[in-house]
Amino acid sequence: MLKIGDLPGVGALLGRLLWGHLSTPRRRLTVQQRLSEVPLTDAPLRAPITIRWDEHMIPFIEAESEADLAVGLGIVHAHLRLAQMEFMRVASQGRLSEWLGPLARGADHTLRVLNLGACTDDNLAALPDSARQWMDGFAAGINHVVDGVQGQRRQWPEEMQILGVSPSHFSVSDLLTLCRLNSADFTWGLWPKLLPMRERSDWKALWRQLMRYSGGPPVPIDGLVSEPGGDSLAWLSGLFGKPGGSNAVAVDARRGAGGTAKLSGDPHLPMVLPGFWLLAGLRCPGFNAVGYMLPGVPAVMVGRSPHIAWGGTSLHAASSDLFDVSAVPESSLTVRRETLKTRWGKPVSVTVRDSEWGSILSDAPLFGGGKAGTESRPRFAMKWMGHQASDEISALLAAARTRNFSDFQRALSDFGVAGQNMVYADVDGNIGQLIAAKLPRRPARRPADVVLPATDLSYWQQSVNTLGLPCEVNPPEGFVASANNRPKQEAEVYISGFFSPDDRVERLRKRLAEEGPVDHALLKALQCDIHSDTALALRDKLLPLIPDARSRGYRCLADWDGDYSVDSEGALLFESLLYHFALALRGGDNIEVYTANWDPRSLIVADVMSLPDEALRKAMRKALPPARRMLDRYRRWGNVHRLRAKHPLAALPVLGRRWRFAEMPVAGANETLMKSAHGFAVGKHYVGMSSTARYLFDLGDEDSSWFVMLGGQDGHPGSAAFFDQQAAWQSNTPIQLPLSDERVKAHFSFSWTLHPTESH
C-alpha cells in the first residue's frame with residue numbers, strides 16, 4: 001500500500017513517462033531498416049553463421065555448431081524482443097520498483113514471496129554440459145546485441161527510452177529465473193478470487209459446487225485481464241503469459257488426406273502487443289526445427305523437425321498447493337529480509353517468511369498481506385513444483401531431436417512446470433498425446449478446500465513425472481485432441497480441479513469424427529470455428545421460461561444457430577440474458593458465485609436443473625427487459641465483443657493512446673474453438689484472451705509448416721513487422737515456413753552473415 005511519503009516517487013514516475021513520451025518520437029522503420037540494425041561483426045562465435053529473414057522478420061539461423069546456433073538465437077531474441085525480455089527479467093526477480101518506483105512495491109513484495117528464482121542455482125548446477133553450452137551461447141548472443149545498443153540510446157527499445165532505463169547484460173541465471181516466470185502456475189490466478197470467498201458462510205457448499213461443475217479459473221465480471229490499478233495479480237498474470245487456453249489436434253496417416261499425419265493448434269493467451277510468441281527456424285548438424293518460442297526461452301515450444309511435429313495446450317495443472325500453517329509455531333519459520341531498491345525513493349526492507357510448507361503467501365500484498373485485519377485470518381503457505389529443480393530447456397531441445405513417440409516421451413521426462421498436454425505426430429503417420437509435467441503424488445480425488453491441512457504435505461514427499469502420467473498413442477479413432485480438458489485416461493494422482501469445460505474438445509472430436517479425410521482446409525476451419533453446441537443446449541433450457549413465444553426476444557433466441565459471428569443478434573441476446581438471469585437468481589451480492597468460474601454456464605445449468613420452476617420464471621421475467629434493451633442498443637455481437645490490439649502501456653491515461661494499434665469486432669466467445677474470452681456481457685467489453693497464434697503441420701512434406709500470429713514478430717512498435725500479420729490472422733491465411741535447404745533459401749529473402757571476433 002502506498003504511503004504519503006511515496007507520492008513524490010509516483011509523481012516522478014508520471015513526470016518521467018510524460019517527458020519520455022514527449023522526447024522519444026516513434027521511429028518508423030521498414031523491415032530492411034530494422035534488419036540493418038542487427039550487429040553483424042565481432043559476434044561471440046567460433047565460425048560465421050547465416051541469419052536469413054523473410055518479409056515478416058521471421059529468421060532462419062544456420063550454423064556449423066550448436067554453440068554458434070545458440071549465439072545466433074540469442075541475437076535474434078534480443079533484436080526482436082529486448083524490452084519484453086528486460087521487463088520479464090526484472091519482474092521475475094521482484095525488481096519492478098527499480099523501473100517504476102514506489103508504485104510497484106506491492107508487486108515486488110509479492111514476487112519476492114513467490115521467489116521464482118529459489119531453485120535457479122540448483123537448476124544451473126544440474127545443467128548437462130550440452131545444455132550449459134547452449135545457454136551460455138544464448139546469453140552471449142543477447143549480450144552482443146546489448147553491447148551494440150548500450151551506447152546508442154536512439155536504438156534502445158522505445159519503452160526503455162521512455163522510462164530512461166538502459167539495457168544490461170543477461171546471465172544464464174537471469175535466463176533460468178525468467179523461464180520460471182514463464183512457467184508460473186496456472187492456479188495462482190485462481191487464488192485471489194477464491195481466498196476471500198472462504199469467509200462466506202456457505203463456502204464449503206460453494207467449493208463442492210465448484211469442484212463438481214467448474215470448468216475454468218475465476219475471472220472478474222468485466223473481463224479476464226484487469227488493467228493496472230485493478231486486480232494487480234491478474235494484470236501481472238496476463239502480462240507475463242500465464243497459461244490460458246489452447247486447442248491442439250493430431251490426425252494419423254489413416255485419417256489424414258493424402259495418407260499423411262497432420263497436426264494443428266492455436267495457443268490462447270492474453271491479447272497484448274508485442275505478443276508472447278516469436279517464430280524462428282534453426283539448423284546446424286544434429287538439429288533442425290522451426291516453430292514458436294517464448295522471448296528469452298531458447299527452445300521451440302511448438303514446432304516441426306524433419307521427423308516429427310509437436311504442439312500442446314496448458315494442462316491447467318495444480319503444480320502448487322496452499323497449506324494452512326496457522327498452527328505452525330513462529331519459531332519454526334525461516335525469516336529473511338529483502339531489500340526493494342526503489343527508483344525515486346528510499347530502499348525498503350520487507351520480510352519474507354518460509355516454512356517446510358513453502359513460502360508464507362498470506363504475507364504477500366497481492367494476496368491480502370499487510371492489510372488491516374489480516375492478522376486474525378488463517379496463515380497459509382505455498383508449495384510449488386517450480387521451487388524444485390527441473391530442466392525444461394534440455395527436455396524441449398531433446399524432444400525436437402526425437403523420431404518416435406517413445407523417445408519423445410522420455411525426452412520430456414524432466415519437464416516440470418508449467419504442465420502441458422503435448423500433442424505429437426511423425427512422418428511415419430503415428431500420433432500421440434502425453435502430459436509433460438511433474439506433480440506431487442497426491443490422491444486423485446479433488447481436495448476438500450482450496451487451502452489444505454498442513455498434514456497433506458506428506459503427499460509432496462514423492463512426485464510423478466511424464467513417464468507416470470496418462471498418455472495415448474495411435475487411438476482407434478485416428479486422432480487425438482486437447483483443449484485444456486480433463487484427460488480421457490484416469491490418472492493415479494490429482495492433476496487439476498479447474499480443467500476447461502469440454503465444449504471445445506467435444507467440438508473438435510465431433511468435427512473430426514464426422515468428416516472424411518482430414519485436410520488443411522478442415523484444420524484451418526477448426527481454428528476459426530465459432531459455434532457452440534453447449535450454448536444451444538442452455539438456450540433450449542431457457543426458452544420455455546420466456547412467457548411469450550411470439551415476442552422478439554423469444555424469436556431471436558429460437559432462431560439463433562449457435563454461431564458467435566460478429567453479426568449475430570442471437571449471440572448478443574443470449575450472452576446478455578445469461579448475465580441478467582444470473583443476477584436475478586443470485587442477486588448483486590452473490591453474483592461472485594458465478595464469476596468464480598471461467599464460463600459460468602455450467603453453474604447456471606445446475607441452477608436451472610435444481611431450482612423451483614417459479615423461481616426460474618420470476619428470474620427470467622426480471623432478466624428479459626434489460627437484455628432486450630442491450631439488444632436494441634447494440635444490435636450485433638461484434639458491437640459489444642471487441643478486440644483491442646494494444647501494448648501494456650495503453651493503460652496509461654491520455655499517453656496510452658500512443659500504444660493502441662487497432663480495435664475491431666471479433667467473433668467467438670469463451671469456449672468456442674476460436675476463443676475470444678470475456679466475462680459476463682454486461683455491455684461493451686474487450687477480449688482479454690484470444691487464439692493469438694495458429695500453426696498447422698503436414699508430416700508428408702517437411703516444408704509444409706504454416707504459422708500466423710495475432711500481431712507481428714518484431715517488438716519495436718514503429719517497425720513494419722510489429723503488427724503486419726494481423727490481416728493474415730483475420731483472413732486465416734498462414735505463412736509457410738519451410739525446412740528444406742532449397743526452400744529456405746527461396747523463402748527467406750534477406751540474408752546476413754555474422755562474423756566472429758578475431759579472438760574466436
Side-chain angles (χ1 to χ4, degrees), residues 31 35 47-66 68-70 72-73 76 250-253 256-265 277-293 298-311 396-404 407-408 423-431 519-521 523-524 693-709 713 725 728 733-754:
V31 167
L35 292 179
I49 65 171
T50 298
I51 304 181
R52 305 179 189 275
W53 304 81
D54 73 359
E55 61 183 357
H56 301 285
M57 280 189 69
I58 299 170
F60 197 98
I61 310 163
E62 299 172 313
E64 295 178 8
S65 67
E66 286 193 16
D68 283 348
L69 186 65
L73 188 59
V76 161
V251 295
D252 66 18
T260 61
K262 296 170 179 60
L263 187 148
S264 70
W277 298 107
L278 62 82
L279 285 162
L282 308 169
R283 181 190 294 146
C284 73
F287 194 92
N288 190 8
V290 62
Y292 285 119
M293 315 179 81
V300 178
M301 303 290 293
V302 172
R304 168 75 195 274
S305 77
H307 310 287
I308 70 167
W310 63 99
L396 289 167
L397 290 173
R401 295 188 182 94
T402 61
R403 300 190 178 197
N404 59 66
D407 289 347
F408 184 76
V423 174
Y424 164 97
D426 65 34
V427 295
D428 295 323
N430 302 298
I431 61 171
D519 58 12
H520 291 195
L523 293 174
K524 288 170 61 179
R694 299 174 185 146
Y695 56 92
L696 192 162
F697 309 116
D698 187 331
L699 277 296
D701 179 359
E702 68 176 336
D703 293 323
S704 187
S705 299
W706 305 82
F707 306 87
V708 67
M709 295 188 287
Q713 173 85 340
Q725 294 184 43
T733 52
I735 302 161
Q736 184 177 10
L737 297 182
L739 276 175
S740 69
D741 184 60
E742 180 181 356
R743 292 293 300 277
V744 164
K745 290 177 180 177
H747 175 82
F748 295 89
S749 53
F750 305 98
S751 179
W752 305 143
T753 299
L754 278 67

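Atom set for the values below is all heavy atoms of this structure, side chains included, hydrogens, waters and symmetry mates excluded.
Closest approach of Ala63 to Leu69, counting heavy atoms only: CB-N, 3.6 Å. Nearest heavy-atom pair, Met293 versus Ala299, reported as atom, atom and distance to 0.1 Å: CE-N, 3.3 Å. A pairwise comparison of heavy atoms in Ala425 and Leu263 identifies N-CD1, 3.8 Å as the closest pair. Annotation for Asp252 and Gly429: closest pair CB-O, 3.2 Å, computed over non-hydrogen atoms. When all heavy atoms of Trp310 and Ser305 are compared, the closest pair comes out as CZ3-N, 3.8 Å. Looking at every heavy atom in both residues, Ile51 comes nearest to Leu754 through CD1-CD1, 3.9 Å.
One N or O on the side chain of Tyr292 and one on the backbone of Arg694 form a donor-acceptor pair closer than 3.5 Å. The main-chain N or O of Leu696 is never found under 3.5 Å from a side-chain atom of Lys524 such that the two would form a donor-acceptor pair. Between the Asp68 side chain and the Ala47 main chain, a donor and an acceptor come within less than 3.5 Å of each other. Between the side chain of Asp703 and the backbone N or O of Ser740 there is at least one donor-acceptor pair closer than 3.5 Å. The backbone N or O of His56 lies less than 3.5 Å from no partner atom in the side chain of Gln725, so there is not a single donor-acceptor pair.
The side-chain hydrogen bond (donor to acceptor under 3.5 Å, both in side chains) search around Thr753 returns none, not counting sequence neighbours. Partners of Asp698 according to the side-chain hydrogen bond (donor to acceptor under 3.5 Å, both in side chains) rule, which considers only residues two or more places apart in sequence or in another chain, are Thr260, His520. Considering only residues two or more places apart in sequence or on other chains, Trp53 meets the side-chain hydrogen bond (donor to acceptor under 3.5 Å, both in side chains) condition with none of them. Glu702 meets the side-chain hydrogen bond (donor to acceptor under 3.5 Å, both in side chains) test with no other residue; sequence neighbours excluded. Listed by chain and number, the residues in a salt bridge (charged side-chain N to carboxylate O under 4.0 Å, His left out) with Arg403 amount to none (sequence neighbours excluded).
In this structure, Gln713 CD and Ile735 CD1 are separated by 8.5 Å, a value rounded to the nearest 0.5 Å. Taking CH2 of Trp706 as the reference point, atom OG1 of Thr733 lies at 10.0 Å (rounded to 0.5 Å). Considering CG of Asp54 and CG of Leu737, their distance stands at 6.5 Å, rounded to 0.5 Å. Taking CG of Leu699 as the start and OG of Ser704 as the end, the distance is 9.0 Å to the nearest 0.5 Å. Residue Arg401 holds its CZ atom at 11.5 Å from CD1 of Ile308, rounded to the nearest 0.5 Å. Taking CG from Asp428 and NE2 from His307, the interatomic distance works out to 10.5 Å, rounded to the nearest 0.5 Å.
Counting non-hydrogen atoms of other residues, nucleotides and ligands closer than 6.0 Å to CD of Glu64 gives a total of 12 or fewer. No more than 12 heavy atoms of other residues, nucleotides or ligands lie within 6.0 Å of CD in Glu55, so this atom counts as exposed by the packing criterion.
Residues Phe748 and Ile58 have side chains in contact (heavy-atom distance under 4.5 Å, counting atoms from C-beta outward). Between Trp277 and Met301, the closest side-chain pair of non-hydrogen atoms falls below 4.5 Å.
When the options Val302, Leu279, Val290 are evaluated for a side chain to side chain contact (heavy atoms under 4.5 Å, CB included) with Tyr695, the one that passes is Val302.
Note on ring orientation: taking the six-membered ring where Trp is involved, the planes of Phe707 and Phe697 are perpendicular (angle over 60°, cut-offs 30° and 60°).
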For a quick test of your reading: what N or O donor-acceptor pairs under 3.5 Å do the side chains of residues 280-287 make, sequence neighbours left out?
from: Arg283; atom 1: NH1; to: Glu62; atom 2: OE2; distance (Å): 2.7
from: Arg283; atom 1: NH1; to: Asp741; atom 2: OD1; distance (Å): 3.3
from: Arg283; atom 1: NH2; to: Leu739; atom 2: O; distance (Å): 2.4

